Amino acid sequence: MRVMTIVGARPQFVKAAALSREFASREGIEEILVHTGQHFDANMSEVFFTEMEIPRPKYNLDVHSLGHGAMTGRMLEGIEDLIEKERPDVMLVYGDTNSTIAGALAATKLHVPVCHVEAGLRSFNMKMPEEVNRILTDRISDVLYCPTDAAIANLSKEGFDGFDCEVVKVGDVMQDAALFYAQKSKERSTLNLEPGFVLCTLHRAENTDDPARLKSIVAALESIHEESEVILPLHPRTKKKLEDYGMNSSLHIIDPVGYFDMIELLKKCKMVMTDSGGLQKEAFFFGKYCITLRDQTEWVELVQHGVNRVVGADGDKILNAYRKFSSRPSSKFELNLYGQGSASKNITDHLLQFTSKY
Ligand code: UD1
């Protein structure tokens, strides 16, 4: 089986690390890894390949720092050429980025079956580029690998039961990665941290591109920082916007970190505040409460189980959630919501069976 895998943005490197490792351990799988170039700074890309021992991409399209249309268009063109050249049996795409939709669209037009990892997630906010990317990718996928029951239910409501595709619940490859690398992070992390801080990340367009929202969030974080240190590994997008808006901040800002450092931050923090999708789950994997700085979350099961609160950019709501979670001791959450590390195996088993039909 020849699988072409498209990666381009930071969370996709983490997901590919789990699945590429499983592929490499099996007979008869050749993976052609393509990096679109969407994330290109060393601490947003290279560090993940090195630390997580992800195979070197065979191709790098070097497409980045463009508007949505130009970025997606150039990726589409580049990936189409690579499909013609490599003739893979299947195309594998992850998540909801511009790289995801470009890979799926290029493949489906050339009749290469598309397999979407992290299918079925919805925020129900069509203003988010990620929501548009994931809905369109799901619709043109042949196999939809869903991480959760909620994802399966979303697809069912949208009529996918009647479409010519397979919907499979497999668990979440991010849990596979967290379990595997948590064993190694202590020795490999370069950070030396006193426990008990608040870990925060912020990069979604809906927050960074709206000065009022960004200011409101930063003001709430600064007030929390007065009693409990807030550590913010800052995404380049947010860094640029803070500079553009002339906003100075007293928060403990650090450069984006690699995966081992992120795991150590997760292990030692008392709570997570984020607008990232992946970090909400990683907080859960490491037994930490999460305050979600968005108006919706795709990970509704975390909210249902009381370990995640969705507060948007409202300063009062952020502070209330912080106080609520501060009063509860963090504990190991004994819930199996994401497959407990079996997702990569489930996907690989299914893919081998799926491609044997062609
Ligand atoms: C993208 C994904 C988002 C994912 C996120 C993870 C889309 C629409 N969004 O958002 O789903 O959660 O990645 O980080 O695909 N930049 C750098 N250096 C880098 C990477 C980016 O300077 O290494 C700059 C870009 O040039 C751009 C800005 O940061 O100006 C935003 O990058 P972009 O790739 O557009 O989207 P993300 O916000 O990272």
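Model, not experiment: these values are computed from the prediction. Computed over heavy atoms, backbone and side chain alike; hydrogens, waters and symmetry mates excluded. Order of listing sets the numbers, starting from 1, for every ligand and every atom in it.
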**OP:** Could you tell me if the ring centre of Y338 sits under 6.0 Å from that of F284?
**Re:**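 Under 6.0 Å, so yes.
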**OP:** Could you tell me whether the side chain of I79 reaches within less than 4.5 Å of the side chain of I6, counting heavy atoms only?
**Re:**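 Result yes, sub-4.5 Å side-chain heavy-atom pair found.
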Original post:
If you count the non-hydrogen atoms of other residues, nucleotides and ligands that lie under 6.0 Å from NZ in K267, is the total more than 12?
Top reply: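 Above 12, so yes.
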Original post:
Are Q12 and T5 linked by a side-chain donor-acceptor pair shorter than 3.5 Å?
Top reply: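 No pair is found: no donor N or O on one side chain lies under 3.5 Å from an acceptor on the other.
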**OP:** Would you check if there is a donor-acceptor pair between the side chains of T201 and T274 at a distance under 3.5 Å?
**Re:**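 Indeed, the side chains of T274 and T201 share at least one donor-acceptor pair under 3.5 Å.
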Could you give the N/O to N/O pairs under 3.5 Å linking ligand 1 and the protein, each with its distance?
residue	atom	partner	partner atom	Å
ligand 1	9 (N)	E130	OE2	3.4
ligand 1	11 (O)	D96	OD1	3.2
ligand 1	11 (O)	E130	OE2	3.1
ligand 1	12 (O)	H203	NE2	3.2
ligand 1	13 (O)	H39	NE2	3.3
ligand 1	14 (O)	H235	NE2	3.3
ligand 1	15 (O)	Q38	NE2	2.9
ligand 1	15 (O)	N98	N	2.9
ligand 1	18 (N)	D41	OD2	2.9
ligand 1	23 (O)	F40	N	3.0
ligand 1	23 (O)	D41	N	2.8
ligand 1	26 (O)	S65	OG	2.9
ligand 1	34 (O)	Q38	NE2	3.0
ligand 1	38 (O)	R237	NE	2.7
ligand 1	38 (O)	R237	NH2	3.0
ligand 1	39 (O)	H39	NE2	2.6
ligand 1	39 (O)	H235	NE2	2.8

Subject >> Salt bridge flag under 4.0 Å for residues K270 and E194 >> reply: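 Looking at E194 together with K270, the answer is no, because their closest N to O distance does not fall below 4.0 Å.
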